[in-house]
Amino acid sequence: MSTAATTATAAATGAPASSGASVTKLFVQLKLSLMRNGLKGSSKRKAVWIVSLVISLLFSLLVTLGLAMLHGHVHAGTVVVLLAAILALGWTVMPLFFPTGDETLDPSRLVMLPLRPRPLVRALLASSLVGTGPLFTLCIAAGSVAAVAHGAAGITAAVIGAPLLLLGCVALARAVATANVRLLSSRKGRDLAVLSGLLIAIGAQFVNFASQSLFKQGGLTALEPVEAVVRWLPPATAVGMVDSASRGSYGVAAAQLALTLAALAALLWFWERSLTSLMVTPDGSTLAAAKPEKDRGGAGGFWSLLPGGRTGAVMQRTLRYAVRDPKTKSAWVSSLAVGAIVPVFNALQGTGSVYLACFGAGMLGVQMYNQFGQDTSAFWMVAQTISSPRDAFGELRARAGALALVTVPYTVLVTVATAALVGNWSGFPAALGLGLGLLGSMLCTGALASAYFPYSIPTEGAFKNVAPGQGGLAWLGIVGGMVSSAVICSPVIGLTVYISLADDPGALGLLALPIGIAWGLLATWAGLRLAAPAVFRKLPEILTAVSKG
C-alpha cells in the first residue's frame, strides 16, 4: 500500500468516516506530511526544495506586481481575463502530462478506505490547496483582480473573485484527473495519453500562431472579440465579474458570479460522481488475464546494426524504453512533435528562420537528463555492472549514443525542411552546426545532471513523473542544465549570430557546420568524462534516489 494510503488508514481508524471536518483536517495533515517526509534523509534535497520554493515565490510576486501595474490600463480587462482562461487550461492538463509529486492526485489509492464520496471531495479539495502550485495561482488571481478592480463594488467583487478562480482551477484539475484515472493507469490508456499530449502540444502551437496573427492585425485590440467570449467561460468569469462590477455593470457581474458558482457546483458534482464510480466499479483492466507478449524484435533486424558488447546492449535497452515504456514514449513523442512543429509552422506563417531548427535538437537533448531515473528500481541490475569509472563511462556513452542515433538524423531533417521552407540555404550550414553543437552541449550537461541530480520516475500512478519531495530537484537539474548548455555552446551561438548578421560571412559560413560538429563532440566527450567518476562514486546515492518511486 502507498505511503498516502497507509497514513490515511492509520489516521482514519481514530476518526469517524462520517465527520467531514475530521476527514478534511486529516487530508490536509496528510498532504503536509507527504511534503515534509519527502524532504527527509538528504540535506541536498532540502536545499534544492528551499531554493525552488524561493524562486517560485519570487516569480509569483513579480508576476503579481506586473499584473497590478496594469491597473487603469485600457486593455487590462482583456489581458487578465485571457490569462485566467490560460491558467485554467494549464490546471486541466498539467497534472496529467507534467511532473508532480502529489500522491493524493490519484484517488484510486483510496478506494479501500471507509470514506464517503462527498466528504472525500471536500477533503481532497482542501488538500489540493496546499502547495506551491495553488499559491502561485492565488498570486496570479490576486494580481488579475487588482488590475481591474475600481471602486467599492469592484473591490468587493475582487475579494470574492480571486478565491473563486483558485477553487475553479483546482476543482477542474481534480475532476478531470479523477475521470481519467482508470484510463491513464492502464497500459493502453497511458499509450493513449501519448497521443493526447501530442494533440495538446500541436494545439498549443496553433494557439500561438493564431495569437501572432491577431497581434499583427492590431495588438491587444484584436483580442477584444476573443475576450468578450472568454469572459463568459468559467472560471474566467470570476475575473470578468470583477471587471464588470468595476465598470458599473452590476447585472452582468451578478450573472457572471452566478455562472461561476454554477460551474463550480457542477464540477464538484461531476467529481463526486466520478469518485463514486471509481470506488464501486471494478477495474476492467485487471479482469482479463494478460496475453503473453511475443518478442518480435529478436537479435536480428535493426538491433543487429548496433555495436556489440556493452555498448550495443545499453543502446538497445535505451531505445526499447523509448518504444515500450509509456512515460518515456510520451516524452520522446512530444519532443519529436514539438521540435518539428515550431520551426516548420513558423516558416509556413512567414515568420520563420532557419535557425529555429535547433529547437528540435534542444527538445530531444532534454531526454539525456535523468538517464538513470527511467530505469526506476531496476537500476540496481545496471549498478551491478558498474565496478569502475571506466564502466560508468561506457554506460553513459552508450546512452548518449542511443539518443544521438535518433537526434542527429532528426536535426538534419528538420533543418533541411526549415531551410527549404524559408528559402535560406546560405544559412543552412550555420543552423545545422548550431543544432548539433547545442545537442552536444546538452548531452554534456545531461550526463552531469544524471550523476548529480538523479530522481525517481514512479512506475505506478499515471499522474506522477517525479517522486514526492524530488520535484525541486528535478526542475533545478533540468533548468540548470539547460542554462549551462547555453553557456557551453556560447562560442557556437556567437559565431552563428555573427554569420546571420554579416552581409558576406564568406568561408566562415561554410566552416560553421564542421565547427559546430566538432564543438558538440568535444562537449559530449568532456561531459561524459566528468560525469563517469561521479556516477561511480555516487552509485549508492543514485540507486537510492531513482528507486524511491
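Heads up: numbering here begins at 1 and tracks the sequence.
Between Val54 and Leu58 there is a side-chain heavy-atom pair separated by less than 4.5 Å. Residues Leu83 and Leu67 form a side-chain contact, since some pair of their non-hydrogen atoms from C-beta on lies under 4.5 Å apart. Side-chain contact check for Val323 versus Trp332: every heavy-atom pair is 4.5 Å or farther apart.
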Ile478/Tyr455 under side-chain contact (heavy atoms from CB on, under 4.5 Å): CA gap, chis, key distance, verdict = CA-CA 11 Å; Ile478 294 174; Tyr455 59 90; 3.8 Å; yes
Quick one: do Thr445 and Tyr369 satisfy side-chain contact (heavy atoms from CB on, under 4.5 Å)? Show the steps, please.
-> CA-CA 8 Å; Thr445 56; Tyr369 294 83; 2.7 Å; yes
Give the intermediate values and the outcome of side-chain contact (heavy atoms from CB on, under 4.5 Å) for residues Thr178 and Phe270.
-> CA-CA 10 Å; Thr178 303; Phe270 176 74; over 6 Å; no
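Summarising the geometry, atom CZ belonging to Arg174 is positioned 5.0 Å from atom OG belonging to Ser127; distances are rounded to the nearest 0.5 Å. With values rounded to the nearest 0.5 angstrom, Thr64 atom OG1 is found 13.0 Å from Met69 atom CE. Atom OH of Tyr452 and atom NZ of Lys538 lie 7.0 Å apart (nearest 0.5 Å). Atoms NZ and OG, on Lys31 and Ser33 in that order, are 11.5 Å from each other to the nearest 0.5 Å. Separation of atoms OG1 (Thr318) and CE (Met368) is listed at 9.0 Å; rounding is to 0.5 Å. Atom-to-atom distance recorded for Trp271:CH2 and Leu124:CG is 5.0 Å, nearest 0.5 angstrom.
Contacts classified as salt bridge (Lys or Arg N to Asp or Glu O under 4.0 Å) and involving residues 55-67 (residues at least two apart or in different chains) are not found. Pairs passing the salt bridge (Lys or Arg N to Asp or Glu O under 4.0 Å) check and including a residue from residues 246-257, sequence neighbours excluded, read Asp243-Arg247.
Residues satisfying the side chain to side chain contact (heavy atoms under 4.5 Å, CB included) criterion with Asp375, sequence neighbours excluded, are Arg317, Tyr321, Phe379, Val382, Arg399. Ser335 meets the side chain to side chain donor-acceptor pair (under 3.5 Å) test with Gln367; sequence neighbours excluded. In this structure Leu264 satisfies the side chain to side chain contact (heavy atoms under 4.5 Å, CB included) test together with Leu164, Leu167, Ala171, Leu268, sequence neighbours excluded.
When all heavy atoms are compared, the tightest approach of Ala149 to Ala158 is CB-CB, 4.1 Å. For the residue pair Ala88 and Leu172, the shortest heavy atom distance occurs at O-CD2, 3.8 Å. A pairwise comparison of heavy atoms in Ala157 and Val242 identifies O-CG2, 3.5 Å as the closest pair. Shortest non-hydrogen contact noted between Ala245 and Tyr250 is O-CE2, 3.7 Å. The two residues Ala76 and Ala147 come nearest to each other via the heavy atoms CB-O, 3.9 Å. Ala85 approaches Val230 most closely through the heavy-atom pair CB-CG1, 3.4 Å.
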Would you give me the side-chain donor-acceptor pairs under 3.5 Å for residues 132-139, sequence neighbours excluded?
unit_1: Thr137; atom_1: OG1; unit_2: Trp91; atom_2: NE1; d: 2.7
unit_1: Thr137; atom_1: OG1; unit_2: Gly133; atom_2: O; d: 3.0

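With Ser244 contributing its side chain and Met241 its backbone, the two residues share no donor-acceptor pair below 3.5 Å. Ser450 places a side-chain N or O within donor-acceptor distance of the main-chain N or O of Asn370, the cut-off being under 3.5 Å. For the pair Glu227 (side chain) and Thr78 (backbone), a donor-acceptor distance under 3.5 Å is absent.
Heavy atoms of other residues, nucleotides or ligands lying less than 6.0 angstrom from CH2 of Trp232 number more than 12.
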